[in-house]
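Here the structure comes first, spelled out in structure tokens, and everything after it is commentary.
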Amino acid sequence: MARRSALRIYLPLAFYGVFLMLPFLWMILTTFKAREELLNTPNPFWIFHPTFEHVVGLLTTTAYLQWFANTLFVSVASTILSVFVSYITAYAIIRLRFPGWQTVSTAIFLAYIVPPAILFIPLATIIIQLHWFDKLWALVPIYATFLVPFCTWLLIGFLKNIPRELEEAARVDGASNLAILWRIIFPIAVPGLISAAIFSFTLSWNEYLYALVYMSSSGNKTVAVGMTTELIRGDVFQWGQLMAGALIGVLPAVLVYFFFVEYYVAGMSGSVKE
Amino acid sequence: MQRSPLLARLDSPRVLGYVLIAPAAIILIGLLAYPLLLGVWLSLTSATLGNPGTFVGLQNYATIFADPTFRGAAFYSGFYTFFAEAGKLVLGLALALILNRPFRGQRAARALMLLPWVAPTVLSALAWLWLLDPQFSALSWLLIRLHLIKSNIDFLGHAWNARWALIVVNIWRGLPYFAIGYLAGLQSISKDLYEAAAIDGASGWQAFRRITWPLLMPITTILVAFSSIFTLTDFQLIWTITRGGPTDATQVFTTLAYQRAITGGQLGEGAAIAVSPIVLMVILAFFVVRSVRER
């Protein structure tokens, strides 16, 4: 029995583990390898002379910390904006049933499946006209275009499952719709809001195309954009620094994920943006 | 409780409903719906960066359809999407079937398996780029040690090597998404069905063919259609690893549109390239909307 489960579960799982963890392992190995060891080593999967030189070099000689701060600012700000806007939208759709709510709900879902790849060119002309080009905060409303449909959709599913009796009792006591939205539903919706927030944060942290096209000066770049446009120059790759930057850049998303892993699995069981 | 007439009016579902959806409407109409229409319009003009251009009808489309680079990009977009989706489906379903059985360390395994999907794509793509380095590839080193190959493979220097390498990396990234989706699907299947099948003497494979797979069909449609929309318009991964090279072998709609419009300044032509997969996407979106409605 033990041998069978080893063969049927742990063996395939080991293959998946190696395949899925390989790039992360590679980031860690490269980050702490001495420079000479990167290109000339008897075994690339081992660190013979561990060093912090790449991390120190990355943080002291490049604008990495600035990019990191930029990414953090944009991700947090767009998450707060989007979750708030999505919450009131989802509430309106689910509870107020104003004329046209079904159309709005369908439109939001369709917006959710429009990929940034077909929007970035016309959006560029709009960004230039609005004088938003190369302004870091401009990414906040831009990211909201994919976060709001996503969060609204997620919150609609969540709010649907909150029993109506609670608010009906409040309504009998004379509470207004706004009071119900804020004092009755909001506290119950907190798990749904956390779910929306962690997905938004991860999606913003992952965004690349808009930041690549609309941010140009080094001080306004995000981690992914800064690394691919300024740490890779021509054919010279500073692999130690690049992998140190990738490793540090992966950490926020991974940390948020590990703290809220249950929310992720629950949220993904619904429909989720890849 | 007395309310002022203004507040009372604001509180009516009709008025409050529109007030509450207004912020979302402003963002989505201004920065999503309008650019979408503007994109279609731009594709019909001779616009360049800094010059609005004039209406030229379908000329940009005629130009790109006659362009072998565009046709190559359309081919590879489809090829990439088809094989990446097939790989993600098979490997993701197999992983879900493993993770669905009780075993020691199941929770930890589930948590770790999602990492490629959670980590920012560009950053993990950089790690792949370094793993696939023509001279110093750790993968080549490993394969040589295992006596599977004799000399380093130039993963990204040859057209077909690069095409397959990107598909493998895309599978790497999207497989956890399928695995979790399927895991949710598997958990919703009643155990009684399998017990009844076992009593009737069905083998594991028969139970899978007759029970599991048909019942997973709805979730399969959603996962594949949804994931295809974003695989077909993938940019980050391909741009980071090959930039569409070697010599345009891994060019897709998005990378080519970026090069023509942003690097080359040909907005009209770039917009036509970006808009061209819309027909395919509408078909995929139709399946998504239908499946989601049915649930």
Side-chain angles (χ1 to χ4, degrees), chain A residues 5 9 12-13 16 19-20 23-24 26-27 30 39 44-45 85 88-89 91-92 96-98 101 104 111 113-115 117-119 121-123 126 141-142 144-145 148 152 174 176-178 202 205-206 208-209 213 224 228 239 242-243 246 249-250 253-254 257 261 264-265 268-269 271 274, chain B residues 1 11 13-14 16-18 20-21 23-24 27-28 31-32 35-36 38-39 42 95 98 101 103 109 111 113-114 116 118-124 126-128 130-131 136 138 141 172 174 177 180 184 222 227 229-230 233 235-236 240 254 257 261-262 267 270-271 274-275 278 285 288 292:
Chain A
S5 80
I9 292 177
L13 216 50
Y16 275 104
F19 178 48
L20 296 175
F24 303 117
W26 196 232
M27 281 179 202
T30 311
L39 304 181
F45 292 98
V85 169
I88 57 176
T89 310
Y91 177 82
L96 296 180
R97 302 274 138 122
F98 53 91
W101 67 272
V104 173
I113 47 185
V114 174
I118 58 172
L119 294 177
I121 296 169
L123 199 51
I126 296 171
I142 295 172
T145 59
V148 166
T152 307
S176 68
N177 278 314
L178 268 181
T202 318
W205 197 273
N206 183 31
Y208 181 64
L209 185 56
V213 181
T228 50
W239 282 115
L242 269 169
M243 288 301 103
V250 160
V254 169
Y257 166 70
V261 68
Y264 268 87
V265 176
M268 285 199 56
S269 307
S271 47
E274 195 183 347
Chain B
M1 211 160 90
D11 204 49
R14 245 169 206 273
L16 188 63
Y18 295 122
L20 292 183
I21 63 160
I27 293 170
L28 295 179
L31 298 175
L32 192 134
L36 194 61
L38 185 63
L42 270 181
L95 180 56
I98 298 168
R101 293 156 177 248
F103 64 91
M113 293 301 170
L114 262 178
V118 177
T121 307
V122 169
L123 303 181
S124 35
L126 283 171
W128 279 107
W130 174 215
L131 274 168
F136 305 106
W141 182 90
W172 172 83
Y177 172 79
I180 291 293
I222 294 182
S227 167
I229 291 176
F230 294 95
T233 56
F235 175 80
Q236 321 197 16
T240 309
T254 323
I262 307 297
L267 285 184
V275 163
I278 260 184
V288 176
V292 170

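Computed from a predicted structure; not experimentally measured.
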Top residue by heavy-atom pair count (under 4.5 Å) with chain B, among [options]?
| options | answer |
| --- | --- |
| Leu242(A), Leu13(A), Val104(A), Val254(A) | Leu13(A) |
| Leu119(A), Thr30(A), Leu20(A), Leu178(A) | Leu20(A) |
| Phe98(A), Tyr16(A), Phe19(A), Tyr208(A) | Tyr16(A) |
| Trp101(A), Trp205(A), Phe24(A), Tyr91(A) | Phe24(A) |

### Query
What are the two closest heavy atoms between Met27(A) and Leu123(B), and how far apart are they?
CE-O, 3.6 Å

### Task
Heavy atoms only: give me the nearest Leu32(B)-Ala111(A) pair and the separation to one decimal.
CD2-CB, 3.9 Å

### For Ala138(B), all residues meeting side chain to side chain contact (heavy atoms under 4.5 Å, CB included), sequence neighbours excluded
Trp26(A), Pro44(A), Phe45(A), Leu131(B)

### Query
Non-hydrogen atoms of chain B under 4.5 Å away: do they reach the side chain of Thr202(A), the backbone, both or neither?
side chain

### Message
Heavy-atom cut-off 4.5 Å, strictly under: side chain, backbone, both or neither for Val148(A) against chain B?
### Response
side chain

### Task
First locate atom CG of Leu16(B), then atom CG of Leu96(A), and finally report the distance between them rounded to the nearest 0.5 Å.
5.0 Å

### Under 3.5 Å: donor-acceptor pair, side chain of Thr233(B), backbone of Ile229(B)
yes

Under a 4.5 Å cutoff for heavy-atom pairs, which residue among [options] has the most contacts with chain A?
| options | value |
| --- | --- |
| Val275(B), Leu42(B), Leu20(B) | Leu20(B) |
| Leu38(B), Leu95(B), Thr254(B), Leu28(B) | Leu95(B) |
| Val118(B), Leu36(B), Leu267(B) | Val118(B) |
| Pro116(B), Ala257(B), Gly39(B) | Pro116(B) |

### Query
Is the number of heavy atoms from other residues, nucleotides or ligands within 6.0 Å of CZ (Arg14(B)) greater than 12?
no

## Note on the structure
Only residue of Ile88(A), Val85(A), Thr89(A) satisfying side-chain contact (heavy atoms from CB on, under 4.5 Å) with Ile21(B) is Thr89(A)

